[in-house]
Protein chains: 2
Amino acid sequence: MPAQVPSGYDPRAFEPFAVTVDLAVFTLWENRLHVLLVRRGEDPHRGRWALPGGFLQPRESAGAAARRELAEETGLSAATAADLHLEQLRTYSDPDRDPRMRVVSVAYTALGPGLPEPRGGGDALDARWVPHGAQGPLAFDHDAILADAHERVGAKLEYTCLATAFCPPEFTLGELRQVYEAVWGVPLDRPNFRRKVLATPGFVRPVEGPPRLTGGRGKPAALYRAGDATALHPPLLRPARPERRETTA
Amino acid sequence: MPAQVPSGYDPRAFEPFAVTVDLAVFTLWENRLHVLLVRRGEDPHRGRWALPGGFLQPRESAGAAARRELAEETGLSAATAADLHLEQLRTYSDPDRDPRMRVVSVAYTALGPGLPEPRGGGDALDARWVPHGAQGPLAFDHDAILADAHERVGAKLEYTCLATAFCPPEFTLGELRQVYEAVWGVPLDRPNFRRKVLATPGFVRPVEGPPRLTGGRGKPAALYRAGDATALHPPLLRPARPERRETTA
DNA sequence: ACAAAAGTGTTGCGCGTACACCCATGT
DNA sequence: ACATGGGTGTACGCGCAACACTTTTGT
């Protein structure tokens with residue numbers, strides 16, 4: 001710790017810390033949750049799949065770095081990248097998480113509607129949407145980061161309006177429901193979901209105009225836009241798993 | 001960003017980043033929420049109150065640094081500091097948050113039962129428990145960190161068993177309820193709170209033995225210990241306030 | 001006697017769940 | 001005609017807010 005240093009910081013504090021951002025980018029594609037991965041072109045873990053990310057620039061906040069890397073390393077258009085919902089997840093700082101040097105990484109979670117196929121950019125060999133759960137072991141501690149990100153997204157769907165971030169500007173309630181079903185991995189009751197969403201003020205806002213077909217079949221659905229609310233009161237809890245039993249007999 | 005570098009990282013990535021931890025330590029004292037603050041002995045902000053914290057050592061994770069600083073800079077005994085519940089909050093990385101150099105800070109939240117008065121240690125002139133809300137403007141961006149920490153703790157009380165971290169090993173349900181009341185700033189209905197807690201499996205575990213007096217008055221209360229559960233299903237929602245704001249930055 | 005805090009009982013309403021049912025469109 | 005998805009209606013039951021009430025201690 002910095003002890004009796006009259007002015008300035010302890011020089012030992014200036015060990016070569018590198019600061020990076022890592023991104024867990026989720027999207028929905030054909031009703032399945034996908035995550036954006038890049039194939040590393042450099043050692044360590046050359047050829048392994050990893051989360052996109054990179055170093056902070058000298059006068060750049062971690063959030064700004066995350067948005068820049070999102071555009072650069074994935075080849076998504078600047079407009080597409082700017083529309084993504086970006087949120088800090090947590091920071092990973094284990095001394096041995098990078099075998100070569102000390103790297104502290106601030107992880108971010110990004111969400112977006114059905115997105116175009118990315119191209120590898122920067123030092124990545126390739127970039128691809130991979131169905132969540134189908135990815136092999138990732139480089140560094142990225143498996144843990146991805147798991148944390150998925151858990152966080154699932155939890156935030158319960159008590160925030162985050163789900164609209166997965167949807168295009170105009171969407172149907174069926175599409176919104178599929179966000180929940182894809183992330184949580186459970187089917188939801190359609191009528192109840194509809195009522196719950198519409199009963200939450202500011203969650204969605206109806207769009208004037210004709211309905212739209214969704215899956216090519218069925219009755220055309222009314223369109224909605226994201227509202228201005230940010231929190232859900234009361235929350236939309238995921239269905240209780242069968243394992244837990246309550247003793248209220 | 002690191003572009004075509006055949007091996008090793010881009011040298012520009014090694015800008016002098018310093019990595020620190022900052023701590024928002026809460027406790028309950030006379031039924032009021034208090035925060036641990038230190039008075040800075042060094043510039044910048046010499047003499048101003050601030051959150052305790054310090055630099056990461058070369059081979060130390062942020063969590064380890066947080067626990068070390070907690071003991072060192074506050075003068076709390078090692079045993080006391082080890083008992084505190086410690087949890088990562090988020091990372092603050094604005095390039096201008098420290099006027100002299102680039103400092104990225106990983107903030108932590110710590111909770112503990114009624115704690116002894118701390119002594120200033122390290123480079124702090126003084127260390128003190130300050131009633132939450134009564135602190136003046138803090139150094140750096142610590143006002144924002146403290147506000148985020150308080151919001152996070154309040155939210156986590158709703159859906160986790162975090163409240164027991166504010167209590168000594170053995171506590172009464174009245175003491176547990178005062179945790180909620182102090183953090184949320186609202187009174188709760190005693191009978192309903194009791195039923196809710198006891199109906200949640202694993203939240204608390206009764207202790208064999210005689211009851212204990214709490215405030216010196218009233219009927220002695222049964223004692224409980226923290227259970228092994230970590231999450232609350234269903235959550236214990238705070239009473240509907242007129243309105244609440246969310247800060248997503 | 002009174003105050004203060006623990007603990008028990010009871011009632012009513014709201015919301016969530018689980019359905020049944022009709023509507024509109026494509027094949 | 002049938003499948004598919006959107007949208008409406010409804011009934012049951014749990015959870016919880018809201019009290020009223022008893023018990024046990026200190027002053």
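What's counted below: heavy atoms across the whole structure, side chains too, no hydrogens, waters or symmetry copies. Here is the naming used below: chain letters follow the sequence lines, and residue numbers restart at 1 for every chain.
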Checklist entry - B:Asn192 has an atom CG; how far is it from atom P of C:dT11, in whole Å? => result 15 Å
Item to check | Among C:dA24, D:dG7, D:dT24, the one nearest A:Ala221 by side-chain distance | outcome: D:dG7
Item to check | Nearest-Å distance for atom pair CD/C1', residues B:Gln178 and C:dA5 | outcome: 10 Å
Checklist entry - Is the ring centre of B:Tyr224 less than 6.0 Å from the ring centre of B:Phe171? => result no
Checklist entry - To the nearest Å, how far apart are A:Arg190 CZ and C:dC21 P? => result 17 Å
Checklist entry - Does any donor-acceptor pair link the side chain of B:Arg195 with the base of C:dG9 at a separation under 3.5 Å? => result yes
Checklist outcome for this item: Whole-Å distance, A:Arg217 CZ to D:dA1 C1', equals 13 Å
Next on the checklist: Looking only at the side chain of A:Asp189 (C-beta and beyond, no hydrogens), which of the listed nucleotides C:dG7, C:dC19, D:dG6 gets closest?
Outcome noted: C:dC19
Next on the checklist: Between P on D:dA17 and NZ on B:Lys196, what's the gap in Å once rounded to a whole number?
Outcome noted: 8 Å
Next on the checklist: Any base atoms under 4.0 Å from B:Pro191, or only sugar-phosphate, or nothing? Heavy atoms, all strands.
Outcome noted: base
Item to check | Nearest-Å distance for atom pair CD/P, residues B:Glu158 and D:dC16 | outcome: 13 Å
Next on the checklist: Please check: side-chain N/O of A:Glu158 versus main-chain N/O of A:Arg238, any donor-acceptor pairing under 3.5 Å?
Outcome noted: yes
Item to check | A:Phe193 CZ - C:dA18 C1' separation (whole Å) | outcome: 17 Å
Checklist entry - Can you tell me how far P of C:dT8 sits from CG of B:Leu198, to the nearest Å? => result 8 Å
Checklist entry - Base, sugar-phosphate alone, or nothing: which one does B:Ala222 contact when heavy atoms must sit under 4.0 Å apart? => result sugar-phosphate
Item to check | Test item: A:His150 side-chain N/O and A:Val183 main-chain N/O as donor-acceptor pair under 3.5 Å | outcome: yes
Checklist entry - Hey, does the side chain of A:Tyr108 reach the backbone of A:Leu89 with a donor-acceptor pair shorter than 3.5 angstrom? => result no
